[in-house]
Amino acid sequence: MRAGVDLPEPVAAHRHPLAALTRLHARQLFTYRGDAVAGSWQSAAPVPDLATAIPSIYNAGLGARGTSYVVHVRPDAYWDTSPPRRVTAADVVRGLKRLCTPFHRSTALPYFLSTIRGMAEYRDGHPASLRTAAELAEHAGTHDIAGVFALDEQTLVVEVSSPAVDVIDVLALPCASPAPVEYDAFLPDSPDARRALRSTGPYRPVAGSEGLLRFEANPAWRPESDLVRGRPASVFTVGPDEHAPHLDLTVEGEPTSSLLGLDYLVLDPSGPLGEHTARLAIAGALTRTAHSIIPPGNVGHQPIAPTETHGALPAALTLTLAHADTPHARTTALAVAADLITVGLTIQLRPLAPAQVHTAVTGAVRDWDILLDSWFPDWGRDNARAFLLPLCHSRHSATGAGDSWVDELIDVALASLDDPTGSISALRSAELHALAEAIVVPLSFRAPPGPAADLPVLDALGGLVDLTATAAEVPDRLPSPRHVSEVSR
């Protein structure tokens with residue numbers, strides 16, 4: 001299998017270029033309907049997937065204090081093992097533990113660490129000496145996430161630190177997929193793990209000829225057990241292209257979602273831009289149309305007028321500007337570089353492959369001074385924290401940006417997520433302080449790219465294309481450089 005079509009394990013699917021393919025083979029406790037009208041409340045409301053129902057006080061799934069969720073796993077969902085084996089509550093627990101491992105840091109992890117009781121402690125409790133899959137499995141078998149446990153084979157309890165209105169949306173993210181016991185033999189998202197993926201969805205990935213990735217019908221999948229996915233084609237094939245080393249199902253200029261995302265810069269405070277005045281000077285030199293971190297259309301957005309920034313740049317400063325190697329990012333990076341060159345800076349552009357973007361965004365490799373990236377909301381309702389937590393909280397953010405006062409305000413907001421007024425007020429204050437620090441600098445608001453073909457999108461997952469929609473007409477081959485083709489119906 002070529003690297004260009006190397007399918008991630010679901011634990012690594014968040015913001016991955018191949019994330020749209022995860023829906024073909026991986027199910028979650030909750031998900032979203034691909035047949036909902038874009039921009040409607042139905043498109044933003046999670047529905048049961050592997051779970052039998054959305055927990056609520058009416059079905060005894062939500063405790064009176066709003067901190068305990070009881071989830072019943074469907075008894076008719078199966079792994080594509082031989083023979084097929086039921087998906088269990090223990091598989092969900094294993095998947096969440098796998099999300100916490102030190103071998104892969106998901107960009108969605110801040111949502112879980114700040115929500116589920118004991119998840120941050122479980123993540124931090126991994127010994128530094130862990131090296132092998134066997135050691136990782138032993139640790140998982142002898143340590144628990146305090147707020148996640150199986151009552152029996154089909155019943156799961158999830159406890160949260162504070163009442164929150166978006167718990168179900170967090171658990172609907174693809175990286176929260178269950179993990180079968182077979183995954184204990186592999187490090188998360190390692191090459192071996194990718195070659196041994198197990199399926200719960202309508203398709204299962206297999207290695208095809210000539211380096212193609214092939215999705216075949218999953219014989220263990222039961223249509224009556226899956227109320228949101230169909231199997232519109234018998235087989236999908238996915239292959240790389242010399243000009244596009246990853247799947248691209250979208251095109252710019254045809255947005256279908258009203259949920260705006262953000263193009264932004266991260267100014268690394270640990271390098272030459274450690275001086276606050278230098279970061280302010282850069283923010284003031286940029287031609288930009290966005291001045292808030294939470295875009296319009298998302299809960300908590302506040303209009304923020306441009307302000308005069310006062311700062312000084314060190315003389316003869318050379319900075320590295322890292323960006324994804326995509327047409328949109330290249331164009332934006334060139335515009336940013338042009339603005340900064342006019343104020344006397346020397347800018348070195350560093351295009352990044354998808355894997356490099358992940359390590360740059362998570363701070364695993366900090367070989368840049370300025371990072372250009374985009375962020376789209378991970379769910380569509382009650383999503384006020386879906387920008388500030390992953391972008392601005394120094395303890396939880398993927399970039400490590402932020403300061404203690406911003407952290408405290410975000411923490412106050414997280415502790416009051418059941419009180420929209422108080423939570424949003426705290427988040428808005430945190431946003432103003434984060435902007436004053438000029439570590440995260442908004443550039444422009446951006447709609448998710450539209451689909452390259454007549455395919456529905458999942459608004460609440462950042463506009464991912466839904467290839468499992470039965471009503472969609474999947475073309476024989478999507479326009480170049482898109483590489484999903486239907487082999488047979």
(message) Between Ser177 (side chain only) and Pro174 (backbone N and O only), is there a donor and an acceptor less than 3.5 Å apart?
(response) yes
(request) Heavy atoms only: give me the nearest Gln154-Val87 pair and the separation to one decimal. (result) NE2-O, 3.4 Å
(request) Kindly give the heavy-atom pair with the smallest separation between Pro306 and His291, and that separation in Å. (result) CG-NE2, 3.4 Å
(request) Return the orientation label for the His143 and His139 ring planes: parallel under 30°, perpendicular over 60°, tilted otherwise. (result) parallel
(message) Would Tyr111 and Trp379 count as a ring pair (Phe, Tyr, Trp, His ring centres under 6.0 Å) here? Give the steps.
(response) CA-CA 11 Å; Tyr111 304 135; Trp379 57 93; 4.8 Å; yes
(message) Do the side chains of Glu9 and Arg194 get close enough for a salt bridge, i.e. N-O under 4.0 angstrom?
(response) no
(request) May I ask you to test the Tyr32-Ser43 pair for a side-chain heavy-atom distance under 4.5 Å? (result) no
(message) Taking the side chain as everything from C-beta on, heavy atoms only, tell me whether Leu321 gets closer than 4.5 Å to Arg350.
(response) no
(message) Under a 3.5 Å threshold, yes or no: a donor from one side chain and an acceptor from the other, between Arg385 and Ser114?
(response) yes
(request) May I ask you to check whether His358 and His16 place their ring centers less than 6.0 Å from one another? (result) no
(request) Step by step, work out the salt bridge (charged side-chain N to carboxylate O under 4.0 Å, His left out) result for Asp49 and Arg33. (result) CA-CA 10 Å; Asp49 188 356; Arg33 300 194 66 91; over 6 Å; no
(message) Checking Asp226 against Arg74 for the salt bridge (charged side-chain N to carboxylate O under 4.0 Å, His left out) test, could you report, in this order, the C-alpha distance in whole Å, the side-chain angles of both residues, the deciding distance, and whether it holds?
(response) CA-CA 10 Å; Asp226 195 334; Arg74 296 185 65 102; over 6 Å; no
(message) If only side-chain N and O atoms count, and only distance matters, is there a donor-acceptor pair under 3.5 Å linking Arg27 with Ser225?
(response) yes
(message) If we count only N and O atoms by modelled type, under 3.5 Å, do the side chains of His14 and Thr107 hold a donor and an acceptor together?
(response) yes
(message) Between Asp91 and Trp79, do the side chains contain a donor N or O and an acceptor N or O under 3.5 Å apart?
(response) yes
(request) Without swapping roles, check the side chain of Asp152 against the backbone of Thr155 for a donor-acceptor pair under 3.5 Å. (result) yes
(request) Of all the heavy-atom pairs spanning Ala13 and Thr22, show the shortest one and how long it is. (result) CB-OG1, 3.4 Å
(message) Under a plain distance cut-off of 3.5 Å, with no hydrogens placed, do Ser374 and Arg446 share a side-chain donor-acceptor pair?
(response) yes
(request) Tell me yes or no: between the side chains of Asp466 and Thr468, is some donor less than 3.5 Å from an acceptor? (result) yes
